[in-house]
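Let me begin by presenting the structure, written as structure tokens, before commenting on it.
Here the structure is a predicted model, which is why all the values come from computation and not from measurement.
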Amino acid sequence: MGFKSALKSSFIGKYLVSEYHVLLSKLMPKLISDEKAVKKYYKQRSGKELDLSNPQTFSQKQQWYKLNAKDPLMQQAADKYAVRAYIKACGHEELLNDLLGVYENPDDIDFDALPNRFVMKAAHGSGFNIIVKDKSQLNIAQTKKMLKSWLRQDISWSGREWVYKEMPRRIVIEKYLEDDSGGLKDFKFFCFNGKPSIMQLEVGRYTNQNTRNFYDMEWNLLPFGKELPHNPDIDIPKPVRFEQMKQIATDLCKPFQFVRVDLYEVKEKVYFGELTFFPAGGAPDFVPSEYDKIVGDMWELKTE
């Protein structure tokens with residue numbers, strides 16, 4: 001591993017990157033409008049101009065969605081703590097993982113009282129997760145420092161994912177979950193106009209064996225991936241609770257034009273993960289690229 005790679009993977013490297021984004025999140029919204037930012041975001045990732053008047057692909061519709069769908073329920077649903085009330089209101093409280101604590105100040109966390117394994121995440125963030133499998137190996141001082149940096153960030157600034165902008169800053173701590181893979185397979189249902197249409201299976205997340213395959217609602221493997229090529233050699237059996245998962249996704253997605261419903265299955269029990277409205281910021285990252293249009297066709301965009 002080279003020096004730059006080692007720095008990026010170290011605590012100080014990750015902390016400096018976080019603080020850099022804290023600075024950008026304060027400056028950039030003042031320097032560039034939401035529409036210009038979204039157009040720039042799209043062009044940098046696609047090499048093409050964004051046509052907001054007639055979006056056709058999934059990634060184009062995602063950019064329109066950011067600027068035009070401002071339902072307050074979306075903000076509640078995207079908040080990793082407030083969404084718990086939405087899940088209960090939908091009649092699915094049984095899906096919620098055990099809550100070990102929620103904190104506005106990391107200094108208030110009593111690490112001695114926590115179990116040996118747990119998960120920490122920022123309720124207002126995306127990818128702000130710390131998975132603790134052995135508390136004795138956790139550097140608590142560094143952890144608190146990173147959590148404080150996360151709480152200073154407004155992650156909406158780059159792709160203008162507005163749902164995160166005014167979201168309360170909180171750290172959520174939940175029970176550690178693990179399935180029979182030794183990790184946690186992530187079943188991500190892409191739901192369009194009130195029904196799930198395709199599902200992304202995330203296997204080996206946070207490892208060098210990460211795979212993202214897509215399936216239809218009959219558990220047939222589809223010939224594309226997202227950011228990563230699909231891998232037909234990864235043979236995952238259909239989950240025992242797949243039909244239940246589909247019904248849950250249908251129940252949770254009803255109010256929204258598009259939402260991704262993330263679920264887990266542990267010992268034949270379904271758990272709720274999160275609701276996401278702008279996966280990867282709506283970047284055009286399907287592989288092969290023509291599936292950006294094919295998936296986009298599943299979404300009947302309602303512009304009025």
Side-chain angles (χ1 to χ4, degrees), residues 7-32 34 37 41 66 70 72-87 96-115 117-133 135 137-177 205-206 260 262 272-281:
L7 179 62
K8 286 180 180 178
S9 63
S10 68
F11 166 76
I12 188 63
K14 293 176 181 177
Y15 179 75
L16 289 174
V17 168
S18 182
E19 286 298 288
Y20 175 64
H21 284 284
V22 170
L23 177 62
L24 290 178
S25 70
K26 293 178 180 178
L27 290 178
M28 295 308 293
K30 298 177 181 178
L31 298 177
I32 183 170
D34 288 350
Y41 180 91
K66 292 176 186 176
K70 299 293 181 76
L73 183 59
M74 292 172 65
Q75 189 168 62
Q76 178 190 353
D79 183 319
K80 293 173 179 60
Y81 176 64
V83 69
R84 298 174 72 91
Y86 175 69
I87 301 303
L96 295 174
N97 190 11
D98 293 347
L99 182 66
L100 303 180
V102 55
Y103 302 90
E104 296 180 359
N105 183 351
D107 288 332
D108 293 336
I109 300 172
D110 183 356
F111 284 89
D112 290 337
L114 291 172
R117 302 199 296 178
F118 54 90
V119 176
M120 314 178 77
K121 53 190 178 183
H124 70 291
S126 176
F128 289 174
N129 306 306
I130 298 175
I131 300 172
V132 180
K133 295 186 178 183
K135 188 172 62 172
Q137 301 300 309
L138 183 69
N139 186 315
I140 293 176
Q142 288 185 355
T143 298
K144 287 183 177 181
K145 195 173 182 67
M146 183 61 77
L147 295 176
K148 290 175 182 179
S149 181
W150 287 352
L151 291 175
R152 290 194 292 269
Q153 276 198 52
D154 168 10
I155 73 161
S156 70
W157 71 269
S158 176
R160 302 303 163 96
E161 299 176 46
W162 69 272
V163 292
Y164 299 111
K165 187 167 182 57
E166 302 298 334
M167 195 176 286
R169 311 290 175 84
R170 295 175 283 206
I171 300 299
V172 176
I173 305 179
E174 293 180 339
K175 177 183 175 181
Y176 173 83
L177 295 175
R205 193 176 186 183
Y206 307 121
R260 196 190 73 201
D262 295 3
F272 171 75
E274 64 180 68
L275 297 179
T276 300
F277 295 96
F278 313 111

>> Counting C-beta onward and ignoring hydrogens, is there a side-chain heavy-atom pair between W150 and I130 closer than 4.5 Å?
In response: yes
>> Take a 6.0 Å sphere around NZ of K70 and say whether it holds more than 12 heavy atoms from other residues, nucleotides or ligands.
In response: yes
> Hey, does K165 have a side-chain heavy atom less than 4.5 Å from the side chain of R160?
Replying inline: no
> Hey, does Y103 have a side-chain heavy atom less than 4.5 Å from the side chain of L147?
Replying inline: no
> How about W157 and H21: do any of their side-chain heavy atoms sit closer than 4.5 Å?
Replying inline: yes
>> Can you confirm if the NZ or CZ of K66 lies within 45° of the ring axis of Y41 and under 6.0 Å from the centre of its six-membered ring?
In response: yes
> Taking C-beta and beyond as the side chain, do R260 and E274 meet within less than 4.5 Å on heavy atoms?
Replying inline: yes
>> I'd like to know if E174 and K80 make a salt bridge, using a cut-off of under 4.0 Å between side-chain N and carboxylate O.
In response: no
> Are R170 and D79 ion-paired here, with the side-chain N under 4.0 Å from a carboxylate O?
Replying inline: yes
> Between F111 and K144, is any pair of side-chain heavy atoms under 4.5 Å apart?
Replying inline: yes
> Taking all non-hydrogen atoms of both residues, which atom of G125 and which atom of Y164 are closest, and how far apart?
Replying inline: O-CE2, 4.2 Å
> Less than 4.5 Å apart, any side-chain heavy atom of H124 and any of L151?
Replying inline: yes
>> Are more than 12 heavy atoms, taken from residues, nucleotides or ligands other than Y81, located less than 6.0 Å from that residue's OH atom?
In response: no
> Should N139 and F11 count as side-chain neighbours, where that means a heavy-atom distance under 4.5 Å?
Replying inline: no
> Is the CD atom of E19 crowded by more than 12 outside heavy atoms at less than 6.0 Å?
Replying inline: yes
>> Tell me whether the count of non-hydrogen atoms from other residues, nucleotides or ligands lying under 6.0 Å of NZ in K145 goes above 12.
In response: no
> If you take all heavy atoms of L100 and F118, which pair is closest and at what distance?
Replying inline: CD1-CB, 3.9 Å
>> Run the salt bridge (Lys or Arg N to Asp or Glu O under 4.0 Å) test against R169 and tell me which residues pass, sequence neighbours left out.
In response: none
